[in-house]
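The first residue in the sequence is number 1, and the count goes up from there.
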Amino acid sequence: MAPVAPRSGDAIFASVEHVNAELFTLTYGAIVRQLLTDLEEVEEVNKQLDQMGYNIGVRLIDEFLAKSNVSRCVDFKETADVIAKVGFKMFLGVGASVTNWDADGTCCSIVLEDNPLVDFVELPDTCQGLYYCNILSGVVRGALEMVSMKTEVTWVRDMLRGDDAFELQVKLLKQVPEEYPYKDDE
C-alpha cells in the first residue's frame with residue numbers, strides 16, 4: 001500500500017465540521033471577560049489564557065497528527081512551517097507565514113494573515129497589558145512540547161495594541177530526546 005500523502009490545511013479545514021465563527025468569537029470573548037472579572041489582574045489573565053492554551057495544545061496535537069497525515073518533521077524550521085501552513089489553517093481557517101529566522105534556526109516569527117478571535121474586540125484602557133489572544137501562544141507551546149520541543153512562545157505584535165499584524169515569536173529552548181517507557185530485550 002502506498003504511503004498516504006500529507007493533506008494541506010485547506011483540505012483538512014474543508015473536511016471537518018465547523019462551528020459558527022461569530023459564536024466561536026463571542027464565546028472566547030466571554031471567557032476572557034470572565035477571567036478579567038475573576039482574576040482582576042491583567043497579568044494573571046495572560047498567564048491563565050496561556051495555561052488554557054497549553055492544555056488545549058497538548059490534546060490538539062493528537063487530532064492534528066491523525067487528520068493531517070504529516071510525517072515527522074526533520075527540524076524546527078520544518079515544524080514551524082507545518083504549524084503555520086497546516087495547523088493554523090486546519091483549526092482556525094487562517095493562513096500564516098514563518099519569518100525572521102535567527103542564524104541558529106532556533107527562533108522565528110509566525111505572522112497570522114487574519115485572526116478570528118479578535119472580531120468585534122476593542123481593548124479598553126484598563127486592559128492595555130492584556131494579550132487577548134494569549135491562548136494561541138499556549139496552544140503552540142503545548143503542541144510542540146508533545147512532539148519533544150520545549151519552546152517559549154510570546155506575542156511580538158498585536159493589532160489590538162495598535163501594531164500592523166499578529167505575530168508570535170517561537171523560540172526553541174531545547175529538543176527533548178524521546179524516552180520510551182521500557183527497554184527492548186537485550
Side-chain angles (χ1 to χ4, degrees), residues 9-10 13 16-61 63-64 79-102 107-146 149-173:
D10 288 323
F13 185 72
V16 296
E17 188 175 329
H18 299 281
V19 173
N20 180 292
E22 289 179 358
L23 175 65
F24 175 69
T25 301
L26 294 173
T27 302
Y28 180 72
I31 291 169
V32 173
R33 181 70 189 119
Q34 189 63 50
L35 286 172
L36 285 166
T37 301
D38 293 349
L39 300 177
E40 296 176 359
E41 293 293 325
V42 170
E43 195 53 44
E44 287 301 312
V45 174
N46 287 336
K47 288 178 187 175
Q48 187 64 36
L49 288 171
D50 181 70
Q51 186 60 45
M52 289 169 63
Y54 175 83
N55 293 337
I56 293 168
V58 164
R59 288 163 182 79
L60 210 59
I61 189 68
E63 183 176 353
F64 173 79
T79 304
D81 202 46
V82 168
I83 290 169
K85 292 187 173 55
V86 182
F88 277 104
K89 192 65 160 176
M90 179 177 168
F91 291 110
L92 287 178
V94 299
S97 58
V98 183
T99 61
N100 301 330
W101 281 101
D102 68 355
C107 186
C108 66
S109 291
I110 296 177
V111 180
L112 302 178
E113 294 171 2
D114 188 22
N115 189 344
L117 293 179
V118 300
D119 292 344
F120 320 115
V121 176
E122 285 185 32
L123 292 181
D125 292 337
T126 57
C127 297
Q128 288 306 309
L130 177 68
Y131 287 102
Y132 185 82
C133 299
N134 217 31
I135 199 165
L136 295 178
S137 62
V139 168
V140 171
R141 187 172 59 87
L144 286 173
E145 195 164 305
M146 292 298 101
M149 293 183 183
K150 183 85 170 147
T151 57
E152 179 180 283
V153 184
T154 54
W155 285 98
V156 177
R157 293 187 294 167
D158 186 339
M159 291 177 76
L160 292 177
R161 295 170 155 232
D163 296 321
D164 60 343
F166 289 101
E167 179 179 343
L168 280 169
Q169 182 182 60
V170 184
K171 182 176 185 178
L172 179 65
L173 301 176

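Contacts of K47 classified as salt bridge (charged side-chain N to carboxylate O under 4.0 Å, His left out), with partners at least two apart in sequence or in another chain: E44.
Listed for the D102 side chain is a donor-acceptor partner under 3.5 Å among the backbone atoms of C107. Between the D114 side chain and the V94 main chain, no donor and acceptor come within less than 3.5 Å of each other. No donor-acceptor distance shorter than 3.5 angstrom exists from the side chain of E40 to the backbone of L36, with no hydrogens or angles considered. When atom types are taken as modelled, the side chain of T37 and the backbone of R33 share a donor-acceptor pair closer than 3.5 angstrom. Side chain of R161 to backbone of G129: a donor-acceptor contact under 3.5 angstrom is found. The backbone N or O of P116 sits less than 3.5 Å from a side-chain atom of T25, completing a donor-acceptor pair.
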Exercise for review: Run the numbers on L112 and L136 for side chain to side chain contact (heavy atoms under 4.5 Å, CB included), then give the verdict.
Suggested key: CA-CA 11 Å; L112 302 178; L136 295 178; 4.1 Å; yes
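Residues Q128 and L123 are in side-chain contact: their nearest non-hydrogen atoms beyond the backbone lie under 4.5 Å apart. In this structure, the side chains of V156 and N100 stay at 4.5 Å or more apart for every pair of heavy atoms. Between L144 and V170, some side-chain heavy-atom pair lies under the 4.5 Å cut-off. In this structure, V32 and V121 have side chains that are not in contact, with every pair of non-hydrogen atoms separated by 4.5 Å or more. The shortest side-chain heavy-atom distance between V111 and R157 falls under the 4.5 Å cut-off. Using a 4.5 Å heavy-atom threshold, the side chains of L160 and N115 count as separate. Under the 4.5 Å side-chain criterion, counting only non-hydrogen atoms from C-beta, L130 is in contact with V45. By the 4.5 Å heavy-atom criterion applied to side chains, V118 and F166 are counted as neighbours.
Taken from NZ in K85 to CD1 in I110, the straight-line distance is 9.5 Å, to the nearest 0.5 Å. Going from atom CG of N46 over to atom CG of N134 covers 5.0 Å, rounded to the nearest 0.5 Å. Distance check: L49 CG to Y131 OH gives 13.0 Å after rounding to the nearest 0.5 Å. Taken from CZ in F88 to CD in E113, the straight-line distance is 11.5 Å, to the nearest 0.5 Å. Here the straight-line distance linking atom NZ of K171 with atom OG1 of T154 works out to 9.0 Å at 0.5 Å rounding. The distance from the CD atom of E152 to the CD atom of Q169 is 7.5 Å, given to the nearest 0.5 Å.
The two residues E167 and W155 make their nearest non-hydrogen contact at O-CE3, 3.5 Å. Taking all atoms of both residues into account, the shortest heavy-atom contact from G142 to Y54 is CA-CD1, 3.3 Å. Minimum interatomic distance between V42 and C127 (heavy atoms only, all atoms of both residues): CG2-CA, 4.2 Å. The two residues S137 and D50 make their nearest non-hydrogen contact at OG-OD1, 3.4 Å.
Using cut-offs of 30° and 60° on the angle between ring planes, the pair Y28 and Y132 is perpendicular.
Defined by atom type and a distance below 3.5 Å, a donor-acceptor pair is missing between the side-chain atoms of Q48 and D38.
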